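No experiment lies behind these values; they were computed from the predicted model shown. Sequence positions, counted from 1, serve as the residue numbers for this chain. Any value given below was found using the heavy atoms of this structure, including those in side chains, with hydrogens, waters and symmetry copies removed.
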Amino acid sequence: MEYIVEMNGITKSFPGVIANDDITLRLKKGEIHALLGENGAGKSTLMSILFGLYRPDGGVIKKNGKTVTIHGPNDATRLGIGMVHQHFKLVHNFTALENIVLGVETTQRGLLRMSGARERVLELSRRYGLEIDPDAVISDITVGMQQRVEILKMLYRENEILIFDEPTAVLTAQEIDELMRIMKELSSEGKSILFISHKLAEIKRVADRCTVLRKGRCEGAFDVASTSVEDFSEKMVGRKVSLVVEKPESEPGEVLLDVSGLTVYNAATGKRAVSDVSFQVRAGEIVCVAGIDGNGQSELVYALTGMTPPESGAVTLLGRDITRDGIRARSAAGMAHIPEDRHKHGLVLDYSLAYNLVLQTYFTPRFQRRGVLRYDEIYQYADALIEKYDIRSGRGRHTITRSMSGGNQQKAIVAREIDRAPKLLIAVQPTRGLDVGAIEYIHKQLIAERSAGIGVLLVSLELDEVMNISDRILVMFNGELVAGVKPCDVTIQELGLYMSGTKREKRGEPA
């Protein structure tokens, strides 16, 4: 059989780690081929080799049976290969339209001609249900919108081989359904798709075949229809994984977080993003804020964590008014924060893993004395967290964080925030980009925090996570709380109606 793409015996090493060890992957024309593996298994590295971002140390790449050499993304584009990256490759001070046409601009006598490009981008966005504002600056739009720009960037180039690296990580349930439809439509048009995902249910829905990677090696290619979710989990992780979240009944205690009449404006748009929101989080409970991306959840979290000052209202933590306190003061008062955007707000990417693990505590007596860092203590602490939370990297504590897989970067943030023993944990998309084994572990950590009397405010776009983890659900729509319900009293379909604004309680006050 002739394959449109063959990657035979691909090997790639980085300092201290073999990312790809003699991997073979074959893609048929018109198929959707999933690539599955743990965080750090080598999936993104393999796809980055196909897209020309890395050069392999060994192995051969063939396109339509002919050996090709891919020196960079321009070569890949000429071969009809496009990629939607897990960590977006966007210029933040350019508009969405400028990012989409970057590298394939239309010029006339040395001047940019954007009118034709604008019409084509808008047509593509309408056709595939990827509505964007072409004039919005990337730094001002949500992560979900940035994902749409990445997908449109690839579609604009009319690539025939499409690589989707964790494309659904930041999308809502409705957007995921739409993306699945788009992928099937593209496949039916003859395009060949490589789909990296940790979400086994999505792979079962959309993929024809699946190649499993584990610790840099290939476990084989499997027919998706005849392989169970449980089998895929075991092949990926190397052990049986519990796919059911088990938690005891919650016993809420004292009020930890009290939010009253909070109103927040979006600095970029000048519009009100959060409008008169009030709720409480008690000790020993997980309260989840659910909603379609872009309905004020991000701005709410920014105001709660001190990243953005509110226009009005009050935030009280453990009976103390922290409305105007800075980030460090809130942290010292017992608040921890797992941010939505790990690169922008969670990590200093060019720092070592050890330094990132003490970002919130380096100034405490444990890690400094008279203004001088105590490196032995920092390294000892980092080693302990790396082992406890199974953070995988090439050079351990000395690894530059930028070089780590997205899932392991996320685990580093979770480890840092939870290990500080906070009173209140604000977790925004904490399992984004994680494999089933890591998701199982994070969920157990959140439930353990709740059982220890910690209050957890979870912001999630994953409806399964919302229903399985939370004790109470607050639904945000258009900057307002439109419902406060318990998971046992609502269906996913009803939750979707609240999230879309079709249905709302008479009062937005939470249950």
* Ignoring hydrogens and angles, tell me if any N or O in the side chain of Thr401 forms a donor-acceptor pair with the backbone of Tyr351 under 3.5 Å. => yes

* For the residue pair His345 and Tyr302, is the inter-centroid distance of their aromatic rings smaller than 6.0 Å? -> yes

* **Short side-chain donor-acceptor distance under 3.5 Å, Ser44 and Asp165** => yes

* To do: Give a yes or no on whether a salt bridge exists between Asp135 and Arg118, defined as a side-chain N under 4.0 angstrom from a carboxylate O.
  => yes

* Is the backbone N or O of Ile386 less than 3.5 Å from a side-chain atom of Arg397, with the two atoms forming a donor-acceptor pair by type? -> no

* To do: Examine distances only and state if a side-chain atom of Ser233 and a backbone atom of Val229 form a donor-acceptor pair shorter than 3.5 Å.
  => yes

* To do: Could you pull out the closest heavy-atom pair between Leu347 and Asn356, with the gap in Å?
  => CA-OD1, 3.4 Å

* Is it true that Glu158 and Arg120 have a side-chain N and a carboxylate O under 4.0 angstrom from each other? -> yes

* Asked: Any donor-acceptor pair under 3.5 Å linking the side chain of Thr11 with the backbone of Asp21?
  -> no

* Structure fact -> For Pro430 and Ile442, the nearest pair of non-hydrogen atoms, with its separation, is CB-CG2, 4.3 Å

* Asked: Is there a donor-acceptor contact under 3.5 Å from the side chain of Glu340 to the main chain of Gln429?
  -> no

* Asked: Any Lys/Arg nitrogen of Arg26 or Glu31 sitting under 4.0 Å from an Asp/Glu carboxylate oxygen of the other?
  -> no

* Measure the CZ-CG distance between Phe164 and Leu35 for me, rounded to the nearest 0.5 Å. => 14.5 Å

* Would you say the side chains of His33 and Thr211 form a donor-acceptor pair under 3.5 Å? -> yes

* Asked: Nearest 0.5 Å, what's the CD1-CZ distance between Ile18 and Arg217?
  -> 9.0 Å

* **Backbone of Glu131 reached by a side-chain donor or acceptor of Arg148 within 3.5 Å** => yes

* Asked: Can you check side-chain contact (heavy atoms from CB on, under 4.5 Å) on Asp464 and Met467, steps first, answer last?
  -> CA-CA 5 Å; Asp464 286 341; Met467 294 294 284; 5.9 Å; no

* To do: Any chance you could lay out the side-chain contact (heavy atoms from CB on, under 4.5 Å) test for Val224 and Lys204, step after step, and finish with the verdict?
  => CA-CA 6 Å; Val224 170; Lys204 291 290 286 183; 3.9 Å; yes

* Asked: What's the spacing between Leu262 CG and Leu481 CG if we round to 0.5 Å?
  -> 10.0 Å

* Donor-acceptor under 3.5 Å (Lys29 side chain, Gly190 main chain) -> yes

* Should Arg181 and Glu185 be marked as a salt bridge (charged side-chain N to carboxylate O under 4.0 Å, His left out) after you check the CA-CA gap, both sets of side-chain angles, and the distance that decides it? -> CA-CA 6 Å; Arg181 183 193 63 76; Glu185 183 178 333; 2.8 Å; yes

* Asked: Can we say Glu150 and Lys153 salt-bridge, meaning some charged N sits less than 4.0 Å from an Asp/Glu carboxylate O?
  -> yes

* Structure fact -> Rounded to the nearest 0.5 angstrom, the CG-NZ distance for Leu179 and Lys184 is 11.5 Å

* What do the steps show when you test Val91 against Ile138 for side-chain contact (heavy atoms from CB on, under 4.5 Å), and what is the final call? -> CA-CA 7 Å; Val91 182; Ile138 294 299; over 6 Å; no

* Between the side chain of Gln297 and the main-chain N/O of Ile292, is any donor-acceptor distance below 3.5 Å? -> yes

* Asked: Counting N and O atoms only, with roles assigned by atom type, does the side chain of Asn408 sit under 3.5 Å from a partner on the main chain of Ser405, one being a donor and the other an acceptor?
  -> no

* **Donor-acceptor under 3.5 Å (Asp208 side chain, Ile32 main chain)** => yes

